[in-house]
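To start, the structure under review is shown below, and the notes come after it.
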Amino acid sequence: MPELLEVEYYRRAAERAVGRRIAGVELPDAWFARALPSLDGLGALLVGDRVAATDRHGKLLLLECGRGPVLGLRFGMTGRLVVDGHAAIEKLEYASGRDDPAWERFALTFDDGGRLVVTDPRRLGSVSLDPDRSDLGPDAATVTVTELRRALAGTTTSLKARLLDQSRLAGLGNLLVDEILWRAGLGPLRPAGGLDTAEVRRLHRHLQATITELDGRGGSHTGDLFPARRPGGRCPRCDGSLRRDRAGGRTTVWCEHDQR
DNA sequence: CCGGATGTTCACCT
DNA sequence: GAGGTGAACATCCG
């Protein structure tokens with residue numbers, strides 16, 4: 001489920017772990033550890049250490065430990081974070097098996113008996129150690145208009161594909177991009193480098209406002225366009241029929257009348 | 001039964 | 001090199 005907003009909710013939940021001592025590491029699924037150089041030593045590195053701080057860069061959640069190692073958590077499409085039995089987000093898509101222990105892919109146990117658990121039915125997420133952040137663009141929640149202009153400049157690839165490119169701008173996923181472009185009135189198939197200065201400013205303004213507003217509402221799926229994301233859906237603004245295209249490899253819903 | 005799904009990575013084309 | 005496409009990962013949902 002996560003885009004930047006959901007991972008930010010996870011980060012806030014992970015704040016509960018700050019200051020607590022790690023008593024054990026559970027990594028029952030070797031596939032989930034594919035971003036780790038090796039499983040050996042992970043426990044020795046972390047057990048006895050304390051979680052010192054949390055951070056987030058795009059969709060990457062970071063747990064900084066006192067002795068220096070930084071745990072990187074990626075959640076793919078269906079990863080969730082549960083701390084001490086409390087899910088950071090209660091409403092989710094796989095409700096039937098939400099507590100299925102078989103979906104637990106990674107856990108830290110604390111010496112007070114609590115646990116920080118990543119569950120992920122589809123196993124598209126991963127755990128890494130000291131993740132390389134140099135391949136991530138500026139975080140979308142704090143990107144400046146200058147940085148945004150730079151992220152879009154000099155390419156003929158579509159606006160949609162460029163905004164999804166985590167190496168150019170980190171944090172936006174399929175739902176947020178469609179919502180932001182719809183609000184900004186910009187066509188997703190336009191060349192990213194073709195926006196003029198006023199359009200980039202407009203995009204930046206709607207990007208910021210959308211992130212702030214949907215953060216308050218409860219996540220990426222609370223956008224105004226979201227209910228219309230189905231075949232036959234109509235534009236909430238003009239009631240025109242919405243288009244469905246592939247852009248950036250993802251289903252893209254947009255209004256040809258309002259987005260130019 | 002089939003296609004699609006809030007993501008990432010890689011092989012393979014053009 | 002840039003950009004696009006499709007597959008893979010695994011499970012649930014309509």
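Order of the sequence lines sets the chain letters (A, B, ...), proteins ahead of strands, with each chain counted from 1.
The main-chain N or O of A:Ser220 is found under 3.5 Å from a side-chain atom of A:Glu6 such that the two form a donor-acceptor pair. Not one N or O on the side chain of A:Tyr10 forms a donor-acceptor pair closer than 3.5 Å with the backbone of A:Pro2. Here the side chain of A:Gln166 pairs no donor or acceptor atom with the backbone of A:Gly58 at under 3.5 angstrom. No donor-acceptor distance shorter than 3.5 angstrom exists from the side chain of A:Arg250 to the backbone of A:Ala247, with no hydrogens or angles considered.
Straight-line distance from the CG atom of A:Asp120 to the P atom of C:dA10: 11 Å, rounded to whole Å. Here B:dT8 presents its C1' atom at 18 Å from CZ of A:Arg133, a figure rounded to the nearest Å. Note: CZ (A:Arg162) to C1' (C:dA2) measures 10 Å, nearest angstrom. Counting to the nearest Å, the C1' atom of B:dG7 and the CD atom of A:Glu6 are 12 Å from each other. To the nearest angstrom, P of B:dT8 lies 11 Å from CZ of A:Arg34. Rounded to an integer number of Å, the gap from A:Leu4 CG to B:dG7 P is 11 Å. Distance CG (A:Leu189) to P (C:dG3): 15 Å, rounded to an integer number of Å. In this structure, NE2 of A:His57 is placed 12 Å from P of B:dT8, rounded to the nearest angstrom.
With pairs defined as Watson-Crick or G-U wobble and both atom distances under 3.5 Å, the stems of at least three pairs that touch DNA chain B come out as B:2-5 with C:11-14, B:7-14 with C:2-9.
Residues A:Leu214 and A:Val143 share a single hydrophobic cluster, defined by chaining ILVMFWY side chains whose heavy atoms lie under 4.5 Å apart.
Distances were taken from every side-chain heavy atom of A:Arg122 (C-beta onward) to each of C:dA10, C:dG4, B:dG7; the shortest belongs to C:dA10. The side chain of A:Lys59 lies closest to B:dT8, out of C:dC9, C:dT11, B:dT8. Side-chain proximity of A:Pro121 to the nucleotides B:dT8, C:dT11, C:dC9 is greatest for C:dT11.
The same atom, P, is picked in B:dC2 and in C:dA7; the two are 15 Å apart, to the nearest Å. With P as the reference atom, C:dT5 and B:dG4 are 15 Å apart, rounded to whole Å. A gap of 15 Å separates the C1' atoms of C:dG6 and B:dG3, to the nearest Å.
For the residue pair A:Arg246/A:Thr251, the side-chain donor-acceptor check at 3.5 Å is satisfied.
For C:dA2, the OP1/OP2 oxygens have no side-chain nitrogen or oxygen of A:Thr155 closer than 4.0 Å. Applying the 4.0 Å criterion to OP1 and OP2 of C:dA10, one finds that A:Arg123 has a side-chain N or O inside that range.
Within the structure, every pair that satisfies the side-chain hydrogen bond (donor to acceptor under 3.5 Å, both in side chains) test and touches residues 173-185 of chain A, not counting sequence neighbours, is listed here: A:Lys160-A:Asn174, A:Lys160-A:Asp178, A:Asp178-A:Arg229, A:Glu179-A:Arg183, A:Arg183-A:Glu213, A:Arg183-A:Asp224. Within the structure, every pair that satisfies the side-chain hydrogen bond (donor to acceptor under 3.5 Å, both in side chains) test and touches residues 135-150 of chain A, not counting sequence neighbours, is listed here: A:Arg56-A:Asp139, A:Thr144-A:Glu147. Sorted by first and then second residue, the salt bridge (Lys or Arg N to Asp or Glu O under 4.0 Å) pairs with a member in residues 193-206 of chain A read A:Arg190-A:Glu199; sequence neighbours excluded.
Near-neighbour residues of DNA chain B inside residues 247-255 of chain A, defined by a heavy atom below 4.0 Å, number-ordered: A:Arg250, A:Thr251.
Legend: residues meeting side chain to side chain donor-acceptor pair (under 3.5 Å) with A:His57, ordered by chain and number and at least two apart, are A:Arg133.
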